[in-house]
Visitor: 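Let me begin by handing over the structure; questions about it come next.
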Amino acid sequence: MAVWIAVLATGIGCYALKLAGLVAPQRVLSDERVRRFTALVPVALLTALVAVQTLAHGRVLELDAARLSGLAAAVVALLLRAPFLVVLVAAAVVTAGLRAFGV
Amino acid sequence: MDSQRRAAVRDGLGVGLAVGLSGLAFGAAAVAAGLGVAQACALSVVAFTGASQFALVGVVAGGGNLLAGALGAMLLGGRNALYGLRLAPTLGARGWRRLLTAHLVIDETTAVATAQPEPRSARAGFWATAVSLYLTWNLATLFGALGAARLGNPETYGLDVVGPAAFLALLWPRLVSGGTERVVALLAMAVAVATTPLLPPGVPVMLAAVAALAGVVRRRRTPPARRAGELSKA
């Protein structure tokens, strides 16, 4: 029962946060600086997420060679202007391949 | 449908299917942690934000305090509020549609929507990602919880790198073309990585928002941008 309460509380809390951003009065966006800030927020948070998902396990920083190589393969694919799905496949194939060889 | 919107839908479907498959890992982790199949599925249906779900399940697995676990999960969900602020003018949802749209404002939909050059393709990308990811994530959670883990650890197939690779690919054009964006990105990564060992999971990524503030300050030193007319920009 306690787990059910935690599950539902998490769901409701996460939903409330999502809604809060959408219903915030648009007046706050009339300020040029606020607009610049919100435009740059996804860049900041998503690159931070890429770094944390690649380099951290919980609160521990770790260098997972297979995962790092997969991300490096994605960067190479991007530099070669590969299509989006090719980038994803390249990353997964390199990571899975290295793990198959025990890296 | 014009080519820009087709490209946005294609990217969205790709993200939705690829990232959604990691729901297998979530379902398996949830059941291994002691959640029932129904609880694992309920969490994916009502929370629908992967990082928060994994956080709660981790606390359950570790036998930790459930209240603290739920609060930690919400902390991780805090960034969705910032995404909503950014996406609200683009999505333009009103009334009951806004209540539905809000549930879908997460990392993946924001990444695809904000990678598009104009509002119409941004909306197309948002909805393509939202629908495909919601369906895939919830189905994958169910299969993962029912024992698809016997197929092996999703990390074996390199699925853990798909999320970061997708975000990087979607941000790439902005990182290549914008000096301010590059500075913000590097600063954000430095802040998040440096504070990861010190703060609860979720906080470092939220804290990286200060990098966006630095971008605002940097922009003000250059000649002022056009003020009128920018509001409609995606």
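The structure presented is a predicted model; accordingly, all values stated were derived computationally and were not measured. Note: hydrogens, waters and symmetry copies are ignored here, and every other heavy atom, side chains too, is used.
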Visitor: Before accepting this row, confirm whether a basic side-chain N of the pair A/Arg99/A/Asp64 lies closer than 4.0 Å to the acidic partner's carboxylate O.
Guide: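 Judged by the 4.0 Å cut-off on N to carboxylate O distance, A/Arg99 and A/Asp64 do form a salt bridge.
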Visitor: At a 4.5 Å cut-off on heavy atoms, which part of B/Ile106 comes close to chain A: side chain, backbone, both, or neither?
Guide: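 Only the side chain of B/Ile106 comes within 4.5 Å of chain A.
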Visitor: What part of A/Leu71 lies closer than 4.5 angstrom to a heavy atom of chain B: side chain, backbone, both or neither?
Guide: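 The answer is both parts of A/Leu71.
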Visitor: Could you tell me which portion of B/Leu168 (side chain, backbone, both or neither) has an atom closer than 4.5 angstrom to a non-hydrogen atom of chain A?
Guide: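 Contact with chain A is through both the backbone and side chain of B/Leu168.
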Visitor: Between A/Val23 and chain B, which part of the residue has a heavy atom less than 4.5 Å away: side chain, backbone, both or neither?
Guide: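 When you check distances to chain B, atoms from both the backbone and side chain of A/Val23 fall under 4.5 Å.
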Visitor: Has B/Asn138 got a side-chain atom pairing as donor or acceptor with B/Val45's backbone, closer than 3.5 angstrom?
Guide: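 Between the backbone of B/Val45 and the side chain of B/Asn138 there is a qualifying donor-acceptor contact (under 3.5 Å).
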Visitor: Using heavy-atom distances under 4.5 Å, tell me whether B/Arg174 contacts chain A through its side chain, its backbone, both, or neither.
Guide: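 Answer is side chain: those atoms of B/Arg174 sit under 4.5 Å from chain A.
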Visitor: Check each atom of A/Phe84 against the heavy atoms of chain B and say whether the ones under 4.5 Å are side chain, backbone, both or neither.
Guide: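 Looking at A/Phe84, just its side chain touches chain B.
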Visitor: Quick check on B/Leu171 against chain A: is it the side chain, the backbone, both or neither that has a heavy atom closer than 4.5 Å?
Guide: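 For B/Leu171, the contact with chain A is made by the side chain alone.
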Visitor: With a 4.5 angstrom heavy-atom cut-off, which part of B/Phe54 approaches chain A: side chain, backbone, both or neither?
Guide: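 Neither part; nothing is under 4.5 Å.
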Visitor: Between B/Val57 and chain A, which part of the residue has a heavy atom less than 4.5 Å away: side chain, backbone, both or neither?
Guide: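 Answer is neither: B/Val57 stays 4.5 Å or more from chain A.
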Visitor: So with a 6.0 Å cut-off around CZ of B/Arg97, is the heavy-atom count from everything else above 12?
Guide: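 Incorrect, the count does not exceed 12.
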